[in-house]
Amino acid sequence: MEALIFYVLAAITVVSAFCVVLLRRPIHNVLFMILMMIGLAGLFILLQAEFVAMVQLIVYAGAVMVLFLFVIMLLNLESLSFPDDPRAVRWWGGMVLALGLLVLLIPVFKAFVPHVVGTLTQQNSSVLSNTQVIAKELFTTYLLPFEIASVLLLAAIIGAVVLARRR
């Protein structure tokens, strides 16, 4: 039964992710992204990471995506029409090129990222709650990737503000 639930949630998540990328209307993209995050939350629950699942639902699906939806509705992006590009080959060529580049860069990323093994053992993790385990590992073992992700998010926020100011 658990495997069936996993496959259903995985299918929902993957199909929703493809719809986010491939659909053209921004409202549909956001709605499928919310569905994708709900599917991810279900997968986290299957992994017995209830805290991460609830954070996924409350913060990302609940707050961030609803904010995206309001911004799209306020900016009236539905009225924008994207011209049909007769050179759709460029899009597919770019996609193939990006995937190829990603495949080439994965070993490079693996070489620069140190292989860190968590410090918690099975006995320690059973004493601590799920939230305590995540917090301890996040702020001790995985502090550098956490800070890198924070800087990337800050850069994305600044980029969004700069793009929004041009209008």
Are [X] and [Y] connected in the hydrophobic side-chain network, where two residues link if heavy atoms are under 4.5 Å apart?
X	Y	answer
Ile106	Leu101	no
Val8	Ile38	yes
Leu23	Leu35	yes
Leu143	Val133	no
Ile134	Val59	yes

Separation between [atom1] of [X] and [atom2] of [Y], rounded to the nearest 0.5 Å:
X	Y	atom1	atom2	value
Tyr142	Thr140	OH	OG1	9.0 Å
Leu57	Ile34	CG	CD1	11.0 Å
Phe51	Gln56	CZ	CD	12.0 Å
Leu40	Ile12	CG	CD1	11.0 Å

Taking every non-hydrogen atom, the tightest pair across [X] and [Y]:
X	Y	result
Ala41	Ala53	O-CB, 3.4 Å
Gly42	Leu9	C-CD1, 3.4 Å
Ala61	Met37	N-SD, 3.8 Å

Checklist entry - Any side-chain heavy atom of Leu46 within less than 4.5 Å of one from Glu2? => result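 Yes - at least one pair of side-chain heavy atoms lies under 4.5 Å apart.
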Checklist entry - Does CZ in Phe44 sit with more than 12 non-hydrogen atoms of other residues, nucleotides or ligands closer than 6.0 Å? => result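 Atom CZ in Phe44 is packed in, count exceeds 12.
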Next on the checklist: Testing Val20, Val21, Val14 one by one against Phe18 for a side chain to side chain contact (heavy atoms under 4.5 Å, CB included), which residue passes?
Outcome noted: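 Only one of Val20, Val21, Val14 forms a side chain to side chain contact (heavy atoms under 4.5 Å, CB included) with Phe18, namely Val14.
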